[in-house]
Amino acid sequence: MRKSLLCLLAVVSAACNDITDREYPAPEPAPFTSTDADATGQTRNLLKNLRALAAEGKTLFGHQSSTLYGIGWTGDANRSDIKSVCGSFPAVIGYDLSGIELGNDENIDGDSFNNIRNAIIAAYQRGGITTLSWHVNNPVSGGDSWDTTPAVGDIIPGGVLHEKFRGWLDKTADFIKTLRTADGTQIPILFRPWHEHTGSGFWWGKGNCTAQDYITLWQFTVEYLRDTKEIHNMLYVYSPDIVNSYDNYLEFWPGDEYVDIIGLDAYERTGWSLPTEGARLLRLVKHIAYQKNKPAAFTETGLENNKSNPTWWTGNLAAAMNDIPLAYVLVWRNAAENHFFGPYPGCVSEDDFRAFAQNGRMLFEDDIQNIYK
């Protein structure tokens with residue numbers, strides 16, 4: 001998220017104007033498919049269980065970097081601001097792989113990849129789920145993900161930097177392959193690359209590459225990791241940011257066989273409200289997820305530095321999700337008192353989050369002990 005929130009503020013102030021409150025027609029759903037016929041049994045079970053829980057009206061709560069640090073603490077493996085508030089770790093915990101492609105020891109947030117690996121293994125052993133995003137450096141300019149120098153055409157097959165990109169995928173694959181227990185069990189991962197591409201904030205975003213080049217990038221990423229590197233413990237999550245129509249959401253769609261989970265990144269901000277614009281957009285996602293016969297998720301959301309709305313969780317987030325079947329919802333990290341999204345002890349919305357957590361819909365790590373079975 002980080003800089004992308006600022007980029008989104010500049011581009012999407014009225015992005016949902018032509019998504020109305022109407023109910024979308026119920027099309028005949030496509031066959032239920034996954035990206036990998038050779039996926040591990042636990043990975044297949046995870047996808048089926050996420051789909052089943054969403055259909056039952058249950059949603060897993062997620063939080064970025066939740067066990068690495070929080071407000072006023074760092075480095076306590078048995079701690080999380082979420083756990084401190086409601087008694088359980090989040091069901092889904094997110095981490096970012098930015099810099100792994102360069103061979104760095106830490107990502108852009110200063111999180112050690114060794115610590116991330118240990119946290120992922122620990123979460124799996126407790127019964128929890130991991131999702132990985134990847135804020136990839138710009139392979140042309142050497143800048144970060146927000147350097148919008150065009151690059152996609154250079155790294156897809158036939159591009160002048162394609163071999164360089166393959167090397168970056170090799171490093172990513174090498175890390176993924178270390179995500180296993182002592183007995184060799186591969187840990188299922190929700191992988192969310194090339195996100196928020198319907199905006200222009202990243203070098204792989206709209207306006208910085210063609211839709212066809214983006215589709216080729218996504219398809220090659222899946223095929224290379226799955227077929228060449230033989231990684232079979234990943235589910236691929238497609239997550240545009242705020243869009244204004246059905247066609248806008250699917251403009252960069254790589255194909256049903258290349259996506260496991262349909263997502264959405266949308267943060268509450270001035271002039272864009274989750275209970276209104278957010279709810280309408282989630283209904284669109286619900287419609288597409290039904291049509292594609294895939295689980296939907298609210299892959300990134302939140303209200304940064306929520307110090308003024310004590311009922312944001314029950315009044316805004318819950319209202320936006322309402323009766324939308326969502327496999328999980330993830331809010332961004334608690335990095336500092338001037339950059340946090342989740343609740344923490346003593347925050348203004350602490351009591352409201354407990355009510356949100358106990359509303360019968362939300363599931364936490366303690367609630368999903370059979371998620372891989």
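At least one side-chain heavy atom of Leu274 sits under 4.5 Å from a side-chain heavy atom of Phe298. With contacts defined as side-chain heavy-atom distances shorter than 4.5 Å, the pair Ile324/Thr59 does not qualify. Side-chain contact between Phe220 and Pro157: present, with at least one pair of heavy atoms (C-beta onward) separated by less than 4.5 Å. Within the 4.5 Å cutoff, the side chain of Lys164 has heavy atoms near those of the Trp168 side chain. Residues Ile108 and His135 form a side-chain contact, since some pair of their non-hydrogen atoms from C-beta on lies under 4.5 Å apart. At a threshold of 4.5 Å between non-hydrogen side-chain atoms, the residues Ile288 and Leu250 count as touching. Under the 4.5 Å side-chain criterion, counting only non-hydrogen atoms from C-beta, Thr35 is not in contact with Met234. Counting only heavy atoms from C-beta outward, the side chains of Thr198 and Lys206 never approach each other to under 4.5 Å.
Side-chain contact, Glu304 with Trp332: no donor N or O sits under 3.5 Å from an acceptor N or O. Between the side chains of Asn114 and Ser112, no donor-acceptor pair of N or O atoms lies under 3.5 Å. Side chains of His287 and Tyr246: no donor on one and acceptor on the other come within 3.5 Å. Side-chain contact check for Tyr267 and Asp241: no donor-acceptor pair (N or O, by modelled atom type) lies under 3.5 Å. Using a 3.5 Å distance cut-off with no hydrogens or angles, the side chains of His232 and Asp36 do pair a donor with an acceptor.
Side chain of Thr67 to main chain of Ser80: no donor-acceptor pair is present (N/O by atom type, distance under 3.5 Å, no hydrogens or angles). Checked by atom type and distance alone, the side chain of Asn305 pairs as donor or acceptor with a backbone atom of His339 at under 3.5 Å. With hydrogens and angles ignored, the 3.5 Å screen pairs a side-chain donor or acceptor of Asp81 with a backbone N or O of Ile71. Looking only at distances, a side-chain donor or acceptor of Glu101 sits under 3.5 Å from a matching main-chain atom of Asn137. Within the 3.5 Å criterion, the main-chain N or O of Ile155 finds a donor-acceptor partner in the side chain of His162. Put simply, the side chain of Thr40 gets close to the backbone of Thr43: a donor and an acceptor are under 3.5 Å apart.
Every residue was checked against the salt bridge (charged side-chain N to carboxylate O under 4.0 Å, His left out) condition with Lys58, not counting sequence neighbours, and none meets it. With sequence neighbours excluded, no residue satisfies salt bridge (charged side-chain N to carboxylate O under 4.0 Å, His left out) with Arg180. Remark: Trp204 engages Trp194, Phe202 in a ring-ring contact (aromatic ring centres under 6.0 Å, His included) (not counting sequence neighbours).
When each of Tyr238, Tyr249, Trp253 is tested with His197 by the rule ring-ring contact (aromatic ring centres under 6.0 Å, His included), just one qualifies, namely Tyr238.
A side chain to side chain donor-acceptor pair (under 3.5 Å) check over residues 147-160, counting only residues at least two apart or in different chains, returns the pairs Ser141-Asp147, Asp147-Thr149. Listed by first and then second residue, the salt bridge (Lys or Arg N to Asp or Glu O under 4.0 Å) pairs that reach into residues 344-361 are Glu350-Arg354, Asp351-Arg354, sequence neighbours excluded. Judged as a ring pair (Phe, Tyr, Trp, His ring centres under 6.0 Å), the pairs with a partner in residues 344-373 (not counting sequence neighbours) are, in order, Phe61-Phe353, Phe61-Phe364, Tyr124-Tyr372, Trp313-Phe353, Trp313-Phe356, Phe340-Tyr344, Phe353-Phe356.
The two residues Pro325 and Ala296 make their nearest non-hydrogen contact at O-CB, 4.0 Å. Among all heavy-atom pairs drawn from Gly153 and Ile156, the shortest one is O-CG1, 3.7 Å. Contact detail for Tyr214 and Val152: the closest heavy-atom pair is N-CG1, 4.2 Å. Here the closest non-hydrogen pair linking Ser133 and Asp96 is OG-OD1, 2.6 Å. Of all non-hydrogen atoms in Glu365 and Gly128, the two that sit nearest each other are OE2-CA, 3.7 Å. When all heavy atoms are compared, the tightest approach of Ala279 to Ala319 is CB-O, 4.5 Å.
Ion pairing between a basic and an acidic side chain is recognised when a charged N comes within 4.0 Å of a carboxylate O; Arg192 and Asp265 show such pairing.
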Checklist entry - Where do Met321 and Leu317 land on the side-chain contact (heavy atoms from CB on, under 4.5 Å) test, with the steps shown first? => result CA-CA 6 Å; Met321 298 192 301; Leu317 181 56; 4.2 Å; yes
Checklist entry - side-chain contact (heavy atoms from CB on, under 4.5 Å) between Leu235 and Leu190: does it pass, once the steps are laid out? => result CA-CA 5 Å; Leu235 301 173; Leu190 308 178; 3.7 Å; yes
Checklist entry - Should Phe89 and Asp366 be marked as a side-chain contact (heavy atoms from CB on, under 4.5 Å) after you check the CA-CA gap, both sets of side-chain angles, and the distance that decides it? => result CA-CA 7 Å; Phe89 288 109; Asp366 290 349; 6.0 Å; no
Next on the checklist: Thr181 vs Gln125, test: side-chain contact (heavy atoms from CB on, under 4.5 Å). Steps then yes/no.
Outcome noted: CA-CA 8 Å; Thr181 61; Gln125 291 174 328; 4.3 Å; yes
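With hydrophobic clusters built from ILVMFWY side chains whose heavy atoms lie under 4.5 angstrom apart, Ile368 shares a cluster with Ile121. Leu217 and Leu161 fall within the same hydrophobic cluster, where Ile, Leu, Val, Met, Phe, Trp and Tyr residues are linked whenever their side-chain heavy atoms come under 4.5 Å apart, directly or through other members. A continuous path of ILVMFWY side-chain contacts below 4.5 Å connects Val285 to Phe32, so both sit in one hydrophobic cluster. Trp203 is not connected to Ile215 by any chain of hydrophobic side-chain contacts under 4.5 Å among Ile, Leu, Val, Met, Phe, Trp and Tyr, and they are in different clusters. In this structure, Tyr224 is a member of the same hydrophobic cluster as Ile189, with clusters built from ILVMFWY side-chain heavy atoms closer than 4.5 Å.
Here the straight-line distance linking atom CG of Asn107 with atom OH of Tyr95 works out to 11.0 Å at 0.5 Å rounding. Within the model, atoms CG of Asn293 and CG of Asp256 stand 9.5 Å from one another, a figure rounded to the nearest 0.5 Å. A distance of 6.5 Å separates OG1 of Thr172 from CD1 of Ile100, quoted to the nearest 0.5 Å. Rounded to the nearest 0.5 Å, atoms CD1 (Ile371) and NZ (Lys373) are 11.5 Å apart. Here the CD atom belonging to Gln64 is positioned 8.0 Å from the CG atom belonging to Asp109, to the nearest 0.5 angstrom. Atom CG of Leu68 sits about 12.0 Å away from atom CG of Asn334, to the nearest 0.5 Å.
In this structure, the ring of Trp218 has its center no less than 6.0 angstrom from the ring center of Tyr236.
Shown here is Glu337, whose CD atom has no more than 12 heavy atoms of other residues, nucleotides or ligands within 6.0 Å.
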